[in-house]
Amino acid sequence: MNIVAGIGRAVLALLASLGRIADFTIRSVTSIVSPPIYGRLIAVQILRIGYFSLPVVGLTALSTGAVLALQIYLGGNRYGAEAIVPQIVVLGITRELGPVIAGLMVAGRVAAAIAAEIGTMKVTEQIDALTTLATNPIKYLVVPRLIAAVVSMPILTAIGDSIGVFGGYLVATQNLGFTGSIYLKNTVDFATRQDIMSGLIKASVFGFIVALMGCYHGFNSKGGAQGVGAATTSAVVSSCILILAADFALTALLFHTA
Amino acid sequence: MTVAKIELIGVKKRFGKKQVLDGINLKIDKQSSTVIIGGSGTGKSVTIKCILGIITPDEGTILIDGVDVTHLRGAARDAVMRKFGMLFQGAALFDSLTVWENVAFGLIQGRGMNRNQAKDIAIQKLAKVGLGSDVAYLSPAELSGGMQKRVGLARAIAADPEIIFFDEPTTGLDPIMADVINDLIVSTVRDVGATALSITHDMVSSRKISDRIAMLYGGKIIWDGPTSQINQSGNDYVDQFIHGRAEGPIKMAVKA
Ligand SMILES: Nc1ncnc2c1ncn2[C@@H]1O[C@H](COP(=O)(O)OP(=O)(O)O)[C@@H](O)[C@H]1O
Ligand SMILES: [Mg+2]
């Protein structure tokens with residue numbers, strides 16, 4: 001009996017928090033289209049979310065491309081199919097690993113930073129202060145971050161994709177005996193517009209998830225420093241889980257395979 | 001009979017199982033200065049946030065200039081907000097902005113004034129609270145608690161509000177700085193010709209800044225009268241509170 005009640009309570013709590021997230025999402029998205037639009041704030045956020053994430057995304061993309069080339073070579077070797085390295089590297093990076101790795105890296109960096117910043121504003125009453133100064137906190141804080149993340153993530157991912165392919169190229173030409181020009185020709189010939197675009201669409205959605213979760217958990221942080229810490233953790237964890245779930249859903253949707 | 005500037009009728013608010021406000025009735029006249037006293041956690045801040053529309057009451061009505069604002073949203077709410085100025089308990093300055101940008105925030109973002117004009121006004125308001133223009137370019141984190149309160153005060157009066165709220169303006173300050181803030185509140189409210197509503201548990205401050213005192217206890221206003229009569233309230237709760245006695249009808253909940 002107690003177990004049933006416990007499960008019931010947990011389900012209700014889950015539904016309630018899903019409802020709150022849905023409500024927050026709707027309020028945020030409807031605020032995007034209504035004035036005022038804070039152009040300067042959007043620019044600042046593009047710098048913080050996109051530009052400053054370049055090093056970490058570039059570095060992880062480089063090593064992912066390199067490792068991918070090595071693994072595909074070793075695996076392909078078993079069937080005498082090691083020549084397929086450039087094709088699989090570019091496919092894996094543009095469709096899947098580029099956006100997902102950029103998404104997860106940005107989740108760690110940006111969702112945490114957004115949740116900590118907004119959470120601190122919440123517990124120090126700065127968000128209430130915005131309201132008393134006739135400024136809508138959703139428009140002032142959430143909308144610029146959402147727009148910036150949705151715009152910068154595909155750019156970040158496109159750069160990451162190039163660096164990842166370059167990582168594979170480096171390993172293939174330096175260690176695996178591929179000829180540079182042939183490797184590049186195989187890469188370019190194989191990759192389709194759809195491979196690349198599907199990855200960039202995913203990246204945009206991941207950007208939306210990261211900014212939304214950072215803002216949502218920040219806005220709902222309670223108590224003092226501890227509450228802000230908890231909000232930060234929740235923002236990162238929920239972003240990562242939602243990115244992986246969205247990745248599956250988007251792959252099925254974009255390639256009509258499910 | 002004139003219309004009250006602010007009127008609360010049967011305002012109730014609960015958080016979870018806790019009935020914080022249990023039917024607040026309060027009338028505040030134009031250009032008066034009212035203080036709500038009461039122990040920590042009795043719902044003083046919640047009362048102010050209900051009037052400001054930051055928290056929506058579960059029941060009851062809030063009238064500003066005789067107009068029901070309880071459930072206003074969007075542009076109509078923003079229009080009412082422009083009547084208000086608020087000094088928060090912890091000053092609540094935006095730490096990503098400089099001092100003058102904080103003071104000018106409501107003018108620039110809330111009213112669309114251009115930055116140069118807003119900056120001139122911000123510097124004037126800072127001078128009003130005794131801060132020089134050198135402070136204007138600092139970040140709030142570089143200021144002491146007392147200076148932050150003054151900046152918060154300058155921000156609250158920047159747009160010449162009709163109603164100013166002060167949430168524990170002297171809490172956490174040394175007695176001298178507290179008195180400086182009290183004087184500033186008295187003079188700014190008088191100069192701006194505003195209606196003031198403050199909350200505090202500092203009796204020295206209450207006597208100095210108010211002409212009316214209301215006491216909040218058990219989710220209700222249990223006494224309300226002129227400041228000059230607080231010593232003869234004939235109310236045991238008020239007596240216990242203003243004399244700070246542990247014994248009396250108010251039992252301090254040790255657990256929240
Ligand atoms: N947003 C909120 N959510 C839940 N409980 C709250 C909220 N705001 C205030 N409370 C609770 O309401 C009670 C009164 O708080 P408050 O008005 O801040 O007290 P004070 O009289 O010291 O200003 C406290 O018990 C507080 O925990
Ligand atoms: Mg309070």
Side-chain angles (χ1 to χ4, degrees), chain A residues 9 12-13 16 20 23 26-28 30-31 33-45 47-49 113-114 116-145 148 218-225 227-228, chain B residues 15-16 45-46 48-55 73-97 101-113 115 118 140-141 148 151-152 155-159 161 163-168 256:
Chain A
R9 256 196 299 276
L12 284 181
R20 279 195 300 272
D23 176 58
I26 291 166
R27 278 196 293 151
S28 304
T30 51
S31 298
V33 290
S34 60
I37 306 282
Y38 297 103
R40 211 177 66 86
L41 296 180
I42 297 174
V44 170
Q45 291 304 326
L47 200 67
R48 287 169 61 178
I49 296 174
I114 292 177
E117 186 182 12
I118 294 184
T120 305
M121 291 186 74
K122 167 82 184 186
V123 301
T124 56
E125 298 186 303
Q126 290 178 51
I127 294 191
D128 290 342
L130 279 176
T131 309
T132 66
L133 296 165
T135 303
N136 181 332
I138 299 264
K139 279 184 195 155
Y140 188 76
L141 295 172
V142 180
V143 169
R145 285 166 175 77
F219 263 86
N220 287 286
S221 51
K222 293 192 178 67
V228 175
Chain B
F15 292 109
S45 296
V46 171
I48 281 197
K49 285 178 184 173
C50 283
I51 302 173
L52 283 166
I54 294 171
I55 293 176
R73 292 255 150 261
R77 164 62 61 189
D78 286 347
V80 177
M81 280 299 178
R82 290 193 187 98
K83 295 185 179 188
F84 298 146
M86 164 95 184
L87 172 60
F88 285 87
Q89 193 166 344
L93 301 177
F94 306 124
D95 35 35
S96 58
L97 302 177
E101 286 172 322
N102 264 280
V103 177
F105 193 93
L107 299 171
I108 298 172
Q109 305 294 351
R111 285 155 206 255
M113 188 183 284
R115 280 175 75 83
Q148 289 186 357
V151 175
R155 185 174 71 181
I157 61 171
I163 302 169
I164 316 183
F165 299 94
F166 301 97
D167 190 347
E168 313 224 358

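FYI, side chains are in, hydrogens and waters are out, and symmetry mates aren't considered; it's all heavy atoms of this structure. We name chains A, B, ... by the order of the sequence lines, and we start the count at 1 in each one.
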Peer 1: Measure Leu107(B) against the heavy atoms of chain A and call it side chain, backbone, both or neither at under 4.5 Å.
Peer 2: neither
Peer 1: May I have the step-by-step check of side-chain contact (heavy atoms from CB on, under 4.5 Å) for Thr132(A) and Ile54(B), ending in yes or no?
Peer 2: CA-CA 8 Å; Thr132(A) 66; Ile54(B) 294 171; 4.0 Å; yes
Peer 1: Within the 4.5 Å heavy-atom criterion, are Thr131(A) and Arg77(B) side-chain neighbours or not?
Peer 2: no
Peer 1: Between chain A and each of Arg111(B), Met86(B), Gln89(B), Lys49(B), count heavy-atom pairs under 4.5 Å; write down the option with the most.
Peer 2: Lys49(B)
Peer 1: Could you walk me through whether Phe105(B) and Leu133(A) satisfy the side-chain contact (heavy atoms from CB on, under 4.5 Å) test, starting with their C-alpha distance in whole Å, then the side-chain angles of each, then the deciding distance to 0.1 Å, before giving a yes or no?
Peer 2: CA-CA 7 Å; Phe105(B) 193 93; Leu133(A) 296 165; 3.8 Å; yes
Peer 1: Tyr38(A) vs Gln109(B), test: side-chain contact (heavy atoms from CB on, under 4.5 Å). Steps then yes/no.
Peer 2: CA-CA 10 Å; Tyr38(A) 297 103; Gln109(B) 305 294 351; 3.0 Å; yes
Peer 1: What are the two closest non-hydrogen atoms of Ala92(B) and Gln126(A), and how far apart are they?
Peer 2: O-CG, 3.8 Å
Peer 1: Report the distance from atom CG of Asp128(A) to atom CD1 of Ile48(B), rounding to the nearest 0.5 Å.
Peer 2: 11.5 Å
Peer 1: Let's test your reading of the structure: which of Thr124(A), Asn136(A), Thr120(A), Leu130(A) forms the most heavy-atom pairs below 4.5 Å with chain B?
Peer 2: Leu130(A)
Peer 1: Measure the spacing between CD of Glu125(A) and CG of Asp167(B) and express it to the nearest 0.5 Å.
Peer 2: 6.0 Å
Peer 1: Indicate, with yes or no, if the rings of Tyr140(A) and Phe94(B) have centres closer together than 6.0 Å.
Peer 2: no
Peer 1: So which part of Ile127(A) gets closer than 4.5 Å to some heavy atom of chain B, the side chain, the backbone, both or neither?
Peer 2: neither
